[in-house]
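If you're wondering where the values come from, they're calculated on a predicted model, not measured in any experiment.
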Amino acid sequence: MAARAPELLPQMRIDLFLWYVRLAKTRSAAQAIAVRGLLRIDGRRIERAHCPVRVGMVIAFPNDGRVQILRVDALPHRRGPPAEAMTHYTRLEPTGAAPVDGGGDPA
């Protein structure tokens with residue numbers, strides 16, 4: 001009897017995910033976030049835009065001086081309106097809510 005191939009989980013490129021859920025204004029900007037090496041998926045550093053994202057993964061990256069931490073709840077099929085885009089992920093709070101650059105310190 002022939003062995004069955006394992007079921008593949010649905011996945012999507014990280015640059016497409018960031019662009020579809022409106023975390024980047026353009027796909028080029030989403031690719032730049034990925035290749036800069038500042039993005040992490042499930043704690044692993046990512047340096048390529050074609051890295052796959054699946055439901056349940058946790059994505060962390062700096063955005064506007066703060067670290068954004070998201071859990072992927074669903075994979076989008078298109079770049080829809082902002083209300084629809086927000087249904088595809090859940091924002092998680094970072095352990096330290098201070099700005100990344102330390103700009104919030106009164107000195």
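A continuous path of hydrophobic side-chain contacts links Trp19 to Leu23 [ILVMFWY only; heavy atoms under 4.5 Å]. Grouping the Ile, Leu, Val, Met, Phe, Trp and Tyr side chains by contacts below 4.5 angstrom, directly or via other members, places Val58 apart from Val21. Under the 4.5 Å side-chain heavy-atom criterion for ILVMFWY residues, no single connected hydrophobic cluster contains both Leu92 and Leu38. The hydrophobic clustering, which links ILVMFWY residues whose side-chain heavy atoms are closer than 4.5 Å, places Val53 and Met86 together.
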Report, one line per pair, each donor and acceptor closer than 3.5 Å where one atom sits in a side chain of residues 27-35; sequence neighbours left out.
from  : atom 1 : to    : atom 2 : distance (Å)
Arg27 : NE     : Asp15 : OD2    : 3.3
Arg27 : NH2    : Asp15 : OD2    : 3.4
Gln31 : NE2    : Asp15 : OD2    : 3.2

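For the pair Cys51 and Ile41, the tightest heavy-atom approach, listed with the atom from each and the gap, is SG-CD1, 4.0 Å.
Met12 is linked by a side-chain contact (heavy atoms from CB on, under 4.5 Å) to Leu16, Phe17, Tyr20, Leu75, Pro76, counting only residues two or more places apart in sequence or in another chain. Arg91 pairs by the side-chain hydrogen bond (donor to acceptor under 3.5 Å, both in side chains) definition with Gln68, not counting sequence neighbours. By the salt bridge (charged side-chain N to carboxylate O under 4.0 Å, His left out) test, Asp42 pairs with no residue at all, sequence neighbours left out.
Annotation: salt bridge (Lys or Arg N to Asp or Glu O under 4.0 Å) contacts involving residues 70-90, sequence neighbours excluded, comprise Arg71-Asp73, Arg78-Glu84. Sorted by first and then second residue, the salt bridge (Lys or Arg N to Asp or Glu O under 4.0 Å) pairs with a member in residues 46-58 read Arg45-Glu47; sequence neighbours excluded.
With contacts defined as side-chain heavy-atom distances shorter than 4.5 Å, the pair Val72/Tyr89 does not qualify. Put simply, the side chain of Ile14 reaches to within 4.5 Å of the side chain of Ile59, judged on heavy atoms. Leu18 places a side-chain heavy atom less than 4.5 Å from the side chain of Leu39.
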